Amino acid sequence: MLKIYNTLSRQKETFQPLHEGKVNMYVCGMTVYDYCHLGHARVLVAFDLIVNYMRSQGYDVTYVRNITDIDDKILNRAAENGEPFEKLTDRFITAMHEDEAKLGVTSPSMEPRATEHLPEIIAMVENLVENGYAYAADNGDVYFAVTKFADYGKLSKKNLDELLSGARVEVADSKKDARDFALWKAAKEGEASWDSPWGPGRPGWHIECSAMSTGCLGSTFDIHGGGPDLPFPHHENEIAQSEAATGQKYVNYWMHAGAVRVDDEKMSKSLGNFFTIREILEKYHPEVVRYFLVSSHYRSSINYSEDHLLEAKAGLERFYTALRAYGDVVPLDLQALEGSENYRRFVTVMDDDFNTREAIAVMFDLARELNTQSKVDAEAAKQLAAELKGLGALFGLLQAEPESFLQAGADDAISAEQIETLIADRTQAKKDKNYARADEIRQELLAQGVVLEDSREGTKWRRE
RNA sequence: GGCGACAUAGCCAAGCGGUUAGGCAGAGGUCUGCAAAACCUUUUAGAUCGGUUCAACUCCGAUUGUCGCCUCCA
């Protein structure tokens, strides 16, 4: 039985979809004005894995992840670059898809864009105005009147008085109440805009998610996910807008990923410790990055550092070393996995709010068993290798050819050809019982990060 | 100031009221021309102070500390 931690109740709950066997899920995607960073990667990978896992357990999952392609940051950046905002957003949407593909993230079922849903957005704002939840200000902005929605603050556990007293909120003159937030923003001179009953303008942040999620999945759906900084104000405001507009409960389960920190500091642009996915992929194999992201629980914060990425690499190397002789073994499919004791353990821990760390411990136990069996029973070992690959596939890991994973190196490193030549020299030296020369070659390669491993089948090599 | 989360061995990181988490690193061993990998054995735990209990790392309370959100941010 699957249990999910629900931000709304602050506890794990047994997952009960609205419709038996069917899951409707919406995750807040990117605002596309720059390259994806590690924080985006975490959300992308966490929910990719969650969706994969639910599908493996027989759920029919409709996974919607939006693209916010109109907003202040986008307009500002486009103005800085002196280009139309669509050109900017197109570029970063393409880049995002490239990054996703490299990280092995499967595409969502639907990927709605704010600019393609203006009619629904405007209709929802009109609905809110008509029903007294929102008002048009003199300047053409439309605001949501927070005090009109009794449940405001239920997700982030804030009460309205505290929001006012703690206020770091800037009070716009046009707002009736400092806590109100914009549903619609009037266009400034020369800005991209859409016609509306309140004049030319664009959607405020939050409303696009309410309109698109409702449009794609209906008034009430099962799971809504996002990054750690979204519960307030973004998701709180989504709840207010949606529930005020539809009169229905908006979402049953709220899921939020943990934060990414860098060298123990908050990752932020002002600290200059921001890493984009593509920067990181220049240094590390995509599976190393994915493993790093998956090897902690999705809700805990993780710390990006050189050491931790190297640790992730070491962990994967253990798996790939175990699988080295089984490169051509076909991974077990779901049906075949059903019979496996390890798979049952795996499912048990994953059912407990997607405990990937514990699931990886199962995989390590399996790797040990495989290493042991490979010395005594080739057939049993092959079966275990297929099982390990099958579990790895559920995580989007262990998909590479072991030999190529272990031998992958930087562009400026010594080439495979050069290594092979030196190995041939060394093999000859060994034949001649010239062990001094053989050891010299070993040391020479080691200095270049290449480890030699002698075996009955000959000398293998890998990079450290 | 308000709300919330977390404190586990050298490092990373889980579950669990009593029975080995796991990985990396360290030590010893088997194997090897030497190594590596692998396997076996093994050393370091549960912030502090109280309480509940036959029994607490695990439950309760307090203290201290770290962090997040409250403003754009995944």
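Since the model is a prediction, treat every value here as computed from it, not as a measurement. All chains are named by letter (A, B, ...) in the order of the sequence lines, taking the proteins before the strands, and each is independently numbered beginning at 1.
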Atom-pair distance ([atom1] on [X]; [atom2] on [N]), nearest Å:
{"X": "N159(A)", "N": "C3(B)", "atom1": "CG", "atom2": "C1'", "result": "9 Å"}
{"X": "L160(A)", "N": "C3(B)", "atom1": "CG", "atom2": "P", "result": "15 Å"}
{"X": "L230(A)", "N": "U71(B)", "atom1": "CG", "atom2": "C1'", "result": "14 Å"}
{"X": "D365(A)", "N": "G23(B)", "atom1": "CG", "atom2": "P", "result": "7 Å"}
{"X": "N355(A)", "N": "C16(B)", "atom1": "CG", "atom2": "C1'", "result": "12 Å"}
{"X": "R345(A)", "N": "A21(B)", "atom1": "CZ", "atom2": "C1'", "result": "9 Å"}
{"X": "H234(A)", "N": "C69(B)", "atom1": "NE2", "atom2": "C1'", "result": "15 Å"}
{"X": "K313(A)", "N": "A25(B)", "atom1": "NZ", "atom2": "P", "result": "12 Å"}

Residues R290(A) and E287(A) bridged, charged N to O under 4.0 Å: no
Do K313(A) and E317(A) meet the salt-bridge criterion of a basic N to acidic O distance under 4.0 Å? yes
Less than 6.0 Å separating the ring centroids of [X] and [Y]?
{"X": "H37(A)", "Y": "F275(A)", "result": "no"}
{"X": "F405(A)", "Y": "H285(A)", "result": "yes"}
{"X": "F85(A)", "Y": "Y33(A)", "result": "no"}
{"X": "Y26(A)", "Y": "Y63(A)", "result": "no"}
{"X": "H256(A)", "Y": "H235(A)", "result": "yes"}

Write down the distance separating the [atom1] atoms in [N] and [M], rounded off to the nearest Å.
{"N": "G18(B)", "M": "A56(B)", "atom1": "C1'", "result": "9 Å"}
{"N": "A36(B)", "M": "U44(B)", "atom1": "P", "result": "26 Å"}
{"N": "A25(B)", "M": "A38(B)", "atom1": "P", "result": "9 Å"}
{"N": "U32(B)", "M": "C39(B)", "atom1": "C1'", "result": "14 Å"}
{"N": "U53(B)", "M": "G17(B)", "atom1": "C1'", "result": "9 Å"}

Nucleotide N/O to protein N/O under 3.5 Å, stretch nucleotides 17-20 of chain B:
none

E236(A) side-chain N/O to L155(A) backbone N/O, donor-acceptor pair under 3.5 Å: yes
Just by modelled atom types, is the Q407(A) backbone N or O under 3.5 Å from a matching donor or acceptor in the R463(A) side chain? yes
Do K430(A) and D425(A) pass the salt bridge (Lys or Arg N to Asp or Glu O under 4.0 Å) test, and can you show the C-alpha distance, the side-chain angles, and the key distance before you say yes or no? CA-CA 9 Å; K430(A) 274 170 68 181; D425(A) 289 353; over 6 Å; no
Would you mind telling me which residue lines up with the more 5' stretch of RNA chain B, T31(A) or S296(A), judged by nearest nucleotide? S296(A)
By nearest heavy atom, map R357(A) and P228(A) onto RNA chain B; which one lands nearer the 5' end? R357(A)
Determine the contact category for [X]: base if any of its heavy atoms lies under 4.0 Å from a base atom, sugar-phosphate if only primed atoms, P, OP1 or OP2 are that close, otherwise nothing.
{"X": "V260(A)", "value": "base"}
{"X": "F364(A)", "value": "sugar-phosphate"}
{"X": "A257(A)", "value": "nothing"}
{"X": "R299(A)", "value": "nothing"}
{"X": "K460(A)", "value": "nothing"}
{"X": "H256(A)", "value": "nothing"}

OP1 or OP2 of C69(B) under 4.0 Å from side-chain N/O of K157(A): no
Check whether any side-chain heavy atom of Y5(A) sits under 4.5 Å from a side-chain heavy atom of F354(A), and report yes or no. no
Answer yes or no: is there a side-chain heavy-atom contact under 4.5 Å between M255(A) and Y298(A)? yes
May I ask you to decide if the ring planes of W205(A) and H234(A) are parallel, tilted or perpendicular, using 30° and 60° as cut-offs? parallel
My validator wants the stems of RNA chain B: runs of 3 or more consecutive Watson-Crick or G-U pairs, both distances under 3.5 Å, written as range with range. B:1-7 with B:64-70, B:10-12 with B:22-24, B:26-30 with B:38-42, B:47-51 with B:59-63
Where protein sits on nucleotides 34-44 of chain B, one letter per nucleotide: B base, S sugar-phosphate only, - none, heavy atoms under 4.0 Å: BBBSBSS----
By nearest atom, which of the nucleotides G2(B), C12(B), A21(B) is closest to the K158(A) side chain? G2(B)
